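Taking it in order: structure first as structure tokens, then the write-up.
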2 protein chains.
Amino acid sequence: MEQNQNIRIAVDAVVFGYKEKQIYILLIKQKFGPFQGKWALPGGFVKDGEGLQDAVLRELKEETGVRTNYLEQLYTFGDQVNRDPRGQVISVAHLGLVNPSKFTLEADTDAETAQWFLLDDIPELAYDHLDILNTGIRRLQSKLHYQPVGFDLLDKEFPFSDLEALYQSILQKKIDRRNFRKKILSFGILHETDKIHQTGSGRPGKLFTFNETKYKELVEQGIHFEIKFA
Amino acid sequence: MEQNQNIRIAVDAVVFGYKEKQIYILLIKQKFGPFQGKWALPGGFVKDGEGLQDAVLRELKEETGVRTNYLEQLYTFGDQVNRDPRGQVISVAHLGLVNPSKFTLEADTDAETAQWFLLDDIPELAYDHLDILNTGIRRLQSKLHYQPVGFDLLDKEFPFSDLEALYQSILQKKIDRRNFRKKILSFGILHETDKIHQTGSGRPGKLFTFNETKYKELVEQGIHFEIKFA
DNA sequence: ACAAAAGTGTTAGACCTACACCCATGG
DNA sequence: CCATGGGTGTAGGTCTAACACTTTTGT
């Protein structure tokens, strides 16, 4: 009953960031270990006395310099006993959302570099991190259907087209602009400021902010967002 | 980097069963440990070289005699470092669905007894198992909205009213019979046999079976089931 | 005046909700 | 014939899908 286990527990993070109208994912290049030089998700072993979420936040900060407000548990990988060549390791994967413009990437400890990658430009990954990443992508895609998404990814003030591009980038399909706008506005999570987005070309758009109270309320309550591609 | 951890990993199972038109949950009475004599979810430590899901299935069989086809990962409890008085233990909770009529409960190893409990008759539970149980209930309730449920809980042939009672029992509210039937039949997961349910009183109902192919297809694809209480 | 991006409304169809009476069987 | 539970249809309202032109700005 009190026999010792020879299993170790780690955490990993699938962190999404949105910039330049596209979704990126945060990866690090490993400095040590069996996959030295390979790209991987940020993560590492949990320390004694440390909670799971704390471990993720610590590793993220150490390996990439990023801090995230939004972090949820994704899935625990431990059915495959040999997923780590160093021995049996169970990894509790988390999903994070971040606005990349708030941070400069800085690799500290186990990581040589940290870098944002476009989803269709992912390098070969260490361990089973591709599985974890795919689980994260699927989760993010389904989140859109039952929770508002965007608060943690966009700037405080943003043009409506940013939100639209965000949804299209996550779902990887085109959305009808008129229907999308109607639907989102009907949730009442946006507040239209009187500022105007200064851009290079084309008609400038009004800037919006999230109504944080209403937004968080709908994150709790759940929404039903269903929209066909145009 | 290769420092040893003093954290152990366990699994627990929230197993639902349906009988006599109501949802039950499977609990065991602990034979040993800090909560000796208390009721708890079936579960225990993962063995070296064992996968998570295998560990759940093993513990379930050892402690209750139940085997389940349907088992999904629920959530990993490890943010609270002191959830187990024996030391830091992270528990990967799973959710199982079972037809209780297929098993007689038999407690083998760590359990004194195993027993089915009605949801509104849950005894005091060991550890943070009430949190885990509530997470399981919420998950099962939301599953109804995006996946068909019933295949693993009902008999092979069942009257339509069983399915209806199952949904009502899980959602804890009354459902309009006509609308429910219309909705479920429109999914095409049911096959009407020409057999008749032999019951005590009242008009006998036709027996149905699940169209397993279609059912599993919709489990993958997802459905959208939304129904107001009557 | 042209290029680029923002902004805007209506209609048809699908789906959801509300609602009450008759039917088949056993005792 | 009564009690019990099974079986059935329709109309109103709401939500979604489809669809294209005009407006504002910079160059």
Side-chain angles (χ1 to χ4, degrees), chain A residues 20-22 144-146 148 154-155 157-169 171 173-188 190-209 218 221-230, chain B residues 20-22 144-146 148 154-155 157-169 171 173-188 190-209 218 221-230:
Chain A
E20 297 145 18
K21 310 244 173 205
Q22 291 196 279
L144 292 194
H145 296 296
Y146 60 82
L154 300 177
D155 292 333
E157 298 182 319
F158 55 90
F160 198 91
S161 58
D162 260 27
L163 189 59
E164 193 189 321
L166 171 63
Y167 271 63
Q168 297 192 112
S169 178
L171 293 174
K173 57 189 186 184
K174 289 228 180 349
I175 293 174
D176 181 279
R177 189 145 32 107
R178 280 173 288 192
N179 293 338
F180 180 75
R181 192 181 183 111
K182 238 178 300 176
K183 189 84 207 241
I184 295 288
L185 290 178
S186 77
F187 291 137
L190 290 189
H191 171 245
E192 184 177 324
T193 70
D194 44 9
K195 299 194 195 146
I196 295 283
H197 185 222
Q198 283 315 336
T199 178
S201 75
R203 173 176 174 176
K206 295 179 197 127
L207 291 179
F208 289 79
T209 58
L218 291 186
Q221 245 178 61
I223 60 173
H224 181 56
F225 176 83
E226 197 70 61
I227 211 146
K228 273 267 160 49
F229 56 108
Chain B
E20 297 144 20
K21 310 243 171 209
Q22 292 196 277
L144 292 194
H145 297 296
Y146 61 83
L154 300 176
D155 292 333
E157 299 182 319
F158 55 90
F160 199 90
S161 58
D162 261 26
L163 189 60
E164 193 189 322
L166 171 63
Y167 271 63
Q168 298 193 106
S169 179
L171 294 174
K173 57 188 186 184
K174 290 228 179 348
I175 293 174
D176 181 279
R177 189 147 33 108
R178 281 175 286 194
N179 293 339
F180 180 74
R181 183 184 263 254
K182 238 178 300 175
K183 190 81 207 239
I184 295 289
L185 289 178
S186 78
F187 289 138
L190 290 188
H191 171 245
E192 184 178 323
T193 71
D194 43 9
K195 298 193 195 147
I196 295 283
H197 185 222
Q198 282 316 333
T199 177
S201 74
R203 173 176 174 177
K206 295 178 197 127
L207 290 178
F208 290 80
T209 59
L218 291 187
Q221 243 177 63
I223 60 174
H224 180 55
F225 177 82
E226 198 69 61
I227 212 146
K228 273 265 159 49
F229 56 108

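Source: prediction; values computed, not measured. Just so it is clear: chains get the letters A, B, ... in the order the sequence lines come, proteins before strands, and each one is counted from 1.
Going from atom CD of B:Glu192 over to atom P of D:dG6 covers 14 Å, rounded to whole Å. Rounded to an integer number of Å, the gap from B:Lys195 NZ to C:dA24 P is 22 Å. Rounded to an integer number of Å, the gap from A:Ile196 CD1 to C:dA5 P is 17 Å. For the pair A:His145 NE2 and D:dT16 C1', the computed distance is 14 Å after rounding to whole Å. Look at NE2 on A:His197: it is 19 Å from P on D:dT24, rounded to the nearest Å. D:dT16 atom P lies 11 Å from atom CD1 of A:Ile223, rounded to whole Å. Whole-Å rounding puts the A:Phe180 CZ to C:dG9 P distance at 18 Å. The CZ atom of B:Phe187 sits 17 Å away from the P atom of C:dA14 (whole-angstrom rounding).
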In B/S/- notation (B base, S sugar-phosphate only, - none; protein heavy atoms under 4.0 Å), nucleotides 8-15 of chain D written 5' to 3' is BBB-----
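Ring-centre distance between A:Tyr146 and B:Tyr146: not below the 6.0 Å cut-off.
Two residues are said to be in side-chain contact when any heavy atoms from C-beta on lie closer than 4.5 Å; B:Leu163 and B:Phe180 meet this criterion. Between A:Phe160 and A:Leu190 there is a side-chain heavy-atom pair separated by less than 4.5 Å. Taking the side chain as every heavy atom from C-beta outward, A:His145 and A:Leu171 approach each other to under 4.5 Å.
Minimum heavy-atom separation, B:His224 to B:Phe187: O-CZ, 4.1 Å.
The base of D:dT4 is not paired with the side chain of B:Arg203 by any donor and acceptor separated by under 3.5 Å.
By the neighbour-count criterion of 12 heavy atoms within 6.0 Å, atom NZ of B:Lys195 is sparsely surrounded, having that number or fewer from other residues, nucleotides or ligands.
In this structure, B:Ser201 does not reach the D:dA3 phosphate: none of its side-chain N or O atoms is under 4.0 Å from OP1 or OP2.
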